[in-house]
Each structure stands twice: as C-alpha cells, then as structure tokens.
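The structure under discussion appears below in the form of structure tokens.
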There are 6 protein chains.
Amino acid sequence: MFSLTIRDHMMIAHSFHGEIFGPAQRLHGATYVVDVTFKRPELDQDDLIVDIAQAGQVLSEVLGEFNMRNLDEIDAFRGRNTTTEFMASIIFKRLARAIGEGQLGETGRGLTAMSVTLHESHLAWASYEGAL
Amino acid sequence: MFSLTIRDHMMIAHSFHGEIFGPAQRLHGATYVVDVTFKRPELDQDDLIVDIAQAGQVLSEVLGEFNMRNLDEIDAFRGRNTTTEFMASIIFKRLARAIGEGQLGETGRGLTAMSVTLHESHLAWASYEGAL
Amino acid sequence: MFSLTIRDHMMIAHSFHGEIFGPAQRLHGATYVVDVTFKRPELDQDDLIVDIAQAGQVLSEVLGEFNMRNLDEIDAFRGRNTTTEFMASIIFKRLARAIGEGQLGETGRGLTAMSVTLHESHLAWASYEGAL
Amino acid sequence: MFSLTIRDHMMIAHSFHGEIFGPAQRLHGATYVVDVTFKRPELDQDDLIVDIAQAGQVLSEVLGEFNMRNLDEIDAFRGRNTTTEFMASIIFKRLARAIGEGQLGETGRGLTAMSVTLHESHLAWASYEGAL
Amino acid sequence: MFSLTIRDHMMIAHSFHGEIFGPAQRLHGATYVVDVTFKRPELDQDDLIVDIAQAGQVLSEVLGEFNMRNLDEIDAFRGRNTTTEFMASIIFKRLARAIGEGQLGETGRGLTAMSVTLHESHLAWASYEGAL
Amino acid sequence: MFSLTIRDHMMIAHSFHGEIFGPAQRLHGATYVVDVTFKRPELDQDDLIVDIAQAGQVLSEVLGEFNMRNLDEIDAFRGRNTTTEFMASIIFKRLARAIGEGQLGETGRGLTAMSVTLHESHLAWASYEGAL
C-alpha cells in the first residue's frame with residue numbers, strides 16, 4: 001500500500017460544553033497542524049499517489065472554511081463539541097466529498113483510504129481515518 | 001476509526017544481556033519519549049475519544065513505576081532484556097489493565113485498540129499495538 | 001555561557017486590530033508552544049543553571065494567567081495587538097518579575113539573561129530576549 | 001504487534017517527466033529522510049524485533065546505491081518517475097530482498113511486515129508498506 | 001530584542017568541487033528547509049516585528065530563483081561551492097537587498113538584524129547572520 | 001557570522017547528589033541528543049565552515065568516551081553532578097581541545113566560537129557556548 005501525507009494548518013477559536021472540559025469550557029483557541037494521508041494500492045501512470053499541488057490546494061480550501069474563525073459561530077457544529085478528534089472527522093468528510101466530486105482529478109479517483117491528523121500541541125494529536 | 005495520542009516521557013537506567021547488544025551490555029540509560037494512541041470507532045457523547053486529562057494522569061502513574069529508576073533492579077523484568085520494544089509492550093499492558101479496571105471512566109470502556117510508542121533517540125523508536 | 005530551556009504551552013483566543021492583519025482581524029485562536037531559555041555564566045553549587053522543577057512550576061503559573069482564555073478580554077492588553085511577538089515579551093516580563101521576587105530561589109538570582117519563544121505553528125515563531 | 005523504526009537519509013538529484021510535474025520537470029534534488037519500520041508479532045529470544053545495528057547497516061547499504069547520485073542516470077529507473085512514493089517502494093523492495101537473503105540474520109526471518117517512509121520536506125512525505 | 005522566524009523550503013540539485021567533498025563531488029541534491037529570523041529592538045505600531053504575510057511572499061520569491069533548479073547552472077555561483085552555509089549567505093544577501101529596497105514596507109525598515117538557516121537533513125544545518 | 005550544526009547522541013546512566021534533585025538522586029539515565037554548532041566569520045577556500053565528515057568523526061569520538069556508560073563511575077566527574085548543562089560544558093571542552101590539537105585540520109583553526117546543546121527530552125535541553 002502506498003501513502004502520501006501533506007501538512008497544512010489552521011488557527012481557530014472555540015469553547016466546549018460539559019464539565020469534563022474544565023477550563024476549556026471558556027472561549028480559547030488552537031493552532032491545528034493538519035496532516036492528511038492519501039492511500040492507494042498502486043501508483044498511477046505518472047508514478048504518483050495524487051497530484052501533490054492539487055491536493056494541497058483542495059486541503060487549503062477545506063481549511064479555509066474554518067481558518068481564522070470562531071468555530072462556536074458555525075451553524076453546522078451547533079450542539080457538538082469541536083474537539084480535535086471531531087474536527088479531524090470533519091476535515092476527513094470535507095476532503096472525501098471533494099475527492100468524490102473529482103476535485104483531485106482522475107488520479108484522485110484511485111485513492112482507497114485517507115486519514116486526517118490534527119496536532120493541537122507538541123503533546124497531543126487526534127486522527128480520523130476511513131475508506132474512500 | 002478515531003484515535004487520540006498523548007505524549008509523556010521517562011528517564012531510566014538499564015543494561016542488556018547477550019553478545020548481540022555489544023556496548024549496551026554495560027549499564028547505561030535512556031530517555032523514552034512515550035506516545036500512547038487510544039482508538040475507538042465512534043466518539044462519545046461529549047465528542048471525545050477519551051478524557052485527555054484523565055488519560056494523561058493514568059499514563060503518568062504508569063510511567064511513574066519506571067521513571068528515574070534502574071530497570072535492572074525491578075523483579076518483574078528478571079531474565080528479560082528491557083529493550084525499547086519490550087518496554088513498549090509493558091506500558092501497553094499496564095495501561096490496558098488500568099483501562100480494564102475503569103480508571104479512564106465510562107469513556108475508557110469504549111476504547112477498542114491502543115498503541116504505545118517509545119522513542120529512544122531521534123533515530124530509533126519502537127511500538128506495541130493491540131486490541132483492548 | 002550556560003543556558004537551559006524548558007517547554008510548555010497555552011491555548012488562547014484573540015483578534016487583531018488593523019488592516020494589515022487581514023482575516024486575523026476576526027476572532028480566532030492559537031496554540032503557543034512556549035520555550036523559555038535561562039542563561040548564566042557559571043553553574044551553581046549543584047551544577048545547575050536553575051532548578052528545573054521550580055522553573056517549570058513558575059512558567060506554568062505565568063501561562064495559567066492566559067491559558068484557556070480570550071486575550072481580547074484581558075484589561076492589560078487593551079489597545080494592543082496580542083501578536084506572537086507581543087505575547088513573548090509579556091511572558092518574559094512576567095517571568096522576569098517572578099525571578100526578581102525570588103520565586104526561583106537563590107539559584108534564580110544567578111541568572112543574567114532570558115529568552116522566551118512562542119511557536120504559533122510549524123511555520124512561524126517569535127521571541128523576546130533580554131538581560132535580567 | 002511489535003514494530004521498530006530506524007531513521008537514515010539520502011541526498012539525490014532527479015527530474016520528472018509529464019506536465020503534471022510543472023517546474024519539477026527540471027533537474028532538481030531532494031534530501032530524503034528515510035524511516036524504516038520492521039514488524040513482527042512476537043519478540044525474539046533477546047527481546048528484540050531485529051538487531052538495530054545490523055538493520056542500520058543494511059539500510060545504509062541500500063541507500064548507498066542512490067545517495068549522492070542523479071537518479072536520472074540509473075538504468076533501472078528508465079521510463080519511470082522517481083517520485084517520493086516510487087522511491088519508497090524501491091527502498092522497500094531492496095530491503096525485502098536483503099531480508100529474504102538473510103542479511104538480518106535469523107531474527108530478520110521473524111519479520112512479517114515492513115513500511116518505508118521518505119520525508120521530502122517538512123510538509124510532505126510518502127510511504128510504501130507491505131508484508132514480508 | 002524581538003525576533004520572528006518564518007519557515008519555507010527549496011529543492012535543488014548541485015555538485016561540489018574539491019577532494020574534501022568525497023562522493024558529494026557527484027551531481028546530487030538537497031531539500032533545504034529555510035528558516036529566516038527577522039530582528040528589531042522594538043515592535044512597530046501594530047505590535048509586529050514585520051508583516052508575516054509580506055515576509056513570506058518576499059522569501060518565496062527569493063527561494064523561487066533557486067527552487068527546482070540545478071545550482072551548477074547558475075552563472076553567479078561559478079567557481080564557488082554551493083554548500084549549505086554558502087547558500088545561507090546568498091539567501092541572506094537577497095533578502096537584505098529586498099528589505100533595503102523597501103519590499104517589506106515601512107516596518108521592514110525597522111529591522112536591525114537577520115539570520116538565515118538552511119536545514120539539509122535531520123542531522124545538519126547551517127546559518128548566516130548579520131546586521132541590516 | 002556563519003555557523004554549522006551537526007547532530008549525534010549518547011545514552012548514559014547517572015545519579016545526582018543533593019535534595020534539590022528529588023527522585024533524580026536515584027540511579028536513572030538519559031538519551032542526550034547532542035547538537036554542536038561551529039562558528040566562523042568567513043568561509044574557507046572550499047566554501048565550508050568545517051569539514052562536516054571530519055567534525056562528525058571527532059564528535060563521535062568525544063561522545064564515545066561517555067556513550068553506553070554510567071557517568072557515576074567516571075573519575076573525572078567525582079564530586080560533580082553530571083547534569084545536562086554540566087555535560088554540555090564537558091563536551092564543549094573535549095571538542096575545543098580536539099580543535100586546538102588540529103583534529104579538524106586547517107579549516108578547524110578558522111573556527112572562532114562553538115556551542116554544544118544536549119536535549120534530555122522533548123521538554124528540556126541545555127547548552128554551553130564559548131569562544132575558541
């Protein structure tokens with residue numbers, strides 16, 4: 001199995017609901033360094049997993065929906081906690097949809113799995129992975 | 001599949017038995033930077049994989065058994081080599097037992113797999129992973 | 001010259017004022033990974049630059065004033081932009097004051113310089129350094 | 001499952017064929033930081049996954065075939081693009097053959113899987129993994 | 001003293017002249033991860049060291065002169081070895097000229113020193129620093 | 001000013017004397033990832049700061065005196081605490097002596113300053129720097 005990972009980041013504000021979160025119930029923020037891994041069993045005719053420039057562009061657009069934003073104000077997240085693990089799954093879904101729509105071209109259609117990791121600090125990170 | 005990783009470390013002395021270890025047969029030591037990854041297929045009702053503060057506390061207690069110690073003096077390791085890979089499996093077992101005992105609460109019971117990685121230097125690291 | 005660096009972090013929300021900041025004028029946030037370097041020309045009688053446990057405790061208290069907070073709501077920062085470089089100087093001043101008050105003990109009084117670095121992402125970081 | 005990873009690197013020149021590569025069609029180069037992960041279900045009688053010194057030596061020899069070279073001049077790669085993902089699979093095959101020939105000794109024969117990751121920058125890396 | 005560092009990279013081919021370089025006399029290549037540190041004694045009226053977006057743009061343009069190139073073909077480097085340390089000084093000079101020309105705006109004129117670091121691998125990096 | 005840094009590591013056991021060290025008074029150990037920075041105002045005739053292969057060899061020999069050892073058994077350290085900062089100064093002195101003896105060749109004689117950093121974990125590191 002082949003895999004290619006690209007890195008980008010976003011900087012967001014948010015707050016959490018529930019006693020388990022302690023001081024993180026207050027409005028605070030995070031830099032999420034985002035690693036996306038694209039997987040496929042064989043390379044394409046150019047010896048590529050995916051066009052890295054195109055993948056970077058699509059990832060940047062997906063992150064652009066959240067970057068420099070207060071996630072508490074985004075309707076789609078109402079009633080949820082925008083934890084690192086939850087946001088990893090959101091980025092996964094946005095990217096999976098973009099791939100399904102052909103935004104990574106023909107090569108993108110050869111991808112069979114993906115994982116998204118969000119690093120919230122040097123001490124903690126969370127991932128969501130699934131088939132495409 | 002969701003996964004959350006937390007990082008901690010421990011500093012230990014030890015020596016190895018067997019010619020294959022060369023100069024590492026002498027008493028020496030290591031800083032092990034420890035990454036523990038908790039996995040579960042769905043988030044809990046708080047949109048969490050596990051309570052990160054609670055997980056960090058349990059990990060710190062498990063590492064506390066070995067941190068600032070000479071592993072050669074620990075009875076449970078008699079006759080074994082406390083290699084990086086062996087210690088990864090030991091940390092895994094201690095954490096799996098703690099989770100089984102409910103030390104990560106109800107959320108901890110939703111975990112289905114775990115991996116433990118010990119970094120011994122910038123050039124080498126070892127892991128043990130298994131189901132819970 | 002001897003120097004010792006310790007690492008911690010804080011997670012904050014804030015917004016900036018001025019067109020130069022573009023989308024960062026919106027409420028967003030950051031994880032700041034904080035490195036503090038303590039300097040002195042000679043080691044103390046224990047062969048230390050500073051008691052690392054005590055230094056970590058003082059740093060944690062200084063960061064605790066800002067961690068899990070919206071910096072826009074802190075009176076002392078009114079009229080300023082809480083940029084990474086500005087916050088580096090703030091952490092420096094708080095730590096310098098704590099050292100002056102003797103919170104790092106006798107050894108702390110031997111320190112002659114300090115620098116504080118805040119990493120805002122894998123691509124950018126800012127520092128403030130000065131004499132003590 | 002146990003796994004052990006070792007790190008090395010190589011520095012190569014190459015060029016790519018195909019419009020999708022844009023400016024990378026010109027002769028350029030890369031530092032590949034190479035991580036090789038060896039996997040086996042149980043440790044050997046020394047509590048090892050593999051002899052790390054021997055593994056490092058074999059990896060160094062495999063990389064030595066390409067290090068400080070222009071990959072465009074290597075016959076075996078004619079008609080292929082020596083992308084990061086392609087080179088990961090090449091390193092995998094060379095190592096798998098060496099293991100099959102017994103170059104990692106008896107312990108090497110207990111390995112059941114391997115992955116090879118090549119980091120081309122702080123923003124992108126690619127892997128090939130497979131059974132042994 | 002305040003300092004701000006930004007990170008980018010370039011991928012180049014080159015060869016060296018002189019027996020001291022051993023196998024690096026052959027055509028090979030490198031990824032240079034480039035860190036540029038801008039220094040000034042006081043922040044500007046926006047609480048900035050420099051406009052980070054503008055600095056990133058200028059750095060990208062400077063690296064664009066070399067990225068995806070064979071440095072052996074660049075006339076300005078004839079008779080020199082394009083070592084990591086030499087290229088650090090070249091990037092420094094290009095950036096210093098751009099700052100002198102006002103490409104970092106009024107804020108850029110407040111900078112008093114700069115350093116440029118090129119990482120050639122996880123094991124080696126070189127810098128050039130000087131006044132502006 | 002030019003500087004070149006190379007990285008290596010050593011793995012040692014030791015214990016400390018004095019109540020301030022708490023549990024570190026027990027025999028334990030550390031991996032020290034060692035960064036050595038060589039400085040000089042101008043490059044030599046090969047556009048080098050120092051021959052990196054030669055420098056790596058000398059550093060490896062210096063670390064070899066301590067690697068895979070219990071520092072408590074080394075006579076030269078009797079009555080001292082082999083803290084990270086102390087060991088940084090020891091490595092500095094050993095390297096400075098080697099440079100003075102000409103072990104880095106003619107180019108080594110052009111060096112004017114050096115710093116040695118020992119990373120004891122992902123959270124702490126210490127340096128010693130001085131003129132040559």
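We name chains A, B, ... by the order of the sequence lines, and we start the count at 1 in each one.
Among Asp35(A), Leu4(A), Thr5(A), Asp8(A), the residue with the largest count of heavy-atom pairs under 4.5 Å with chain D is Thr5(A). Contact tally against chain A (heavy-atom pairs below 4.5 Å) for Leu118(D), Leu123(D), Thr84(D): the top residue is Leu123(D). Contact count against chain A (heavy-atom pairs under 4.5 Å) is highest for Ser127(D) among Ser127(D), Ser115(D), Gly130(D), Ala88(D).
Nearest approach of Asp47(A) to Glu85(D), heavy atoms of both residues: O-CG, 3.5 Å.
None of Leu48(A), Ile49(A), Ile52(A) except one satisfies the side-chain contact (heavy atoms from CB on, under 4.5 Å) rule with Thr83(D); the exception is Leu48(A).
Within residues 53-79 of chain A, no residue has any heavy atom closer than 4.5 Å to a heavy atom of chain D.
Applying the 6.0 Å contact sphere to CD of Glu101(A) captures more than 12 heavy atoms from other residues, nucleotides or ligands. Within a 6.0 Å radius of CD in Glu42(D), no more than 12 heavy atoms belonging to other residues, nucleotides or ligands are found.
Rounding to the nearest 0.5 Å gives a distance of 9.5 Å between NE2 of His119(D) and CZ of Arg7(A). To the nearest 0.5 angstrom, Asp46(A) atom CG is 6.5 Å from Asn81(D) atom CG.
With a 4.5 angstrom heavy-atom cutoff, His122(D) touches chain A only via backbone atoms. Heavy-atom distances place the side chain of Phe21(D), and not its backbone, under 4.5 Å from chain A.
Contact check for Tyr128(D) versus Leu43(A): no side-chain heavy atoms found under the 4.5 Å cut-off.
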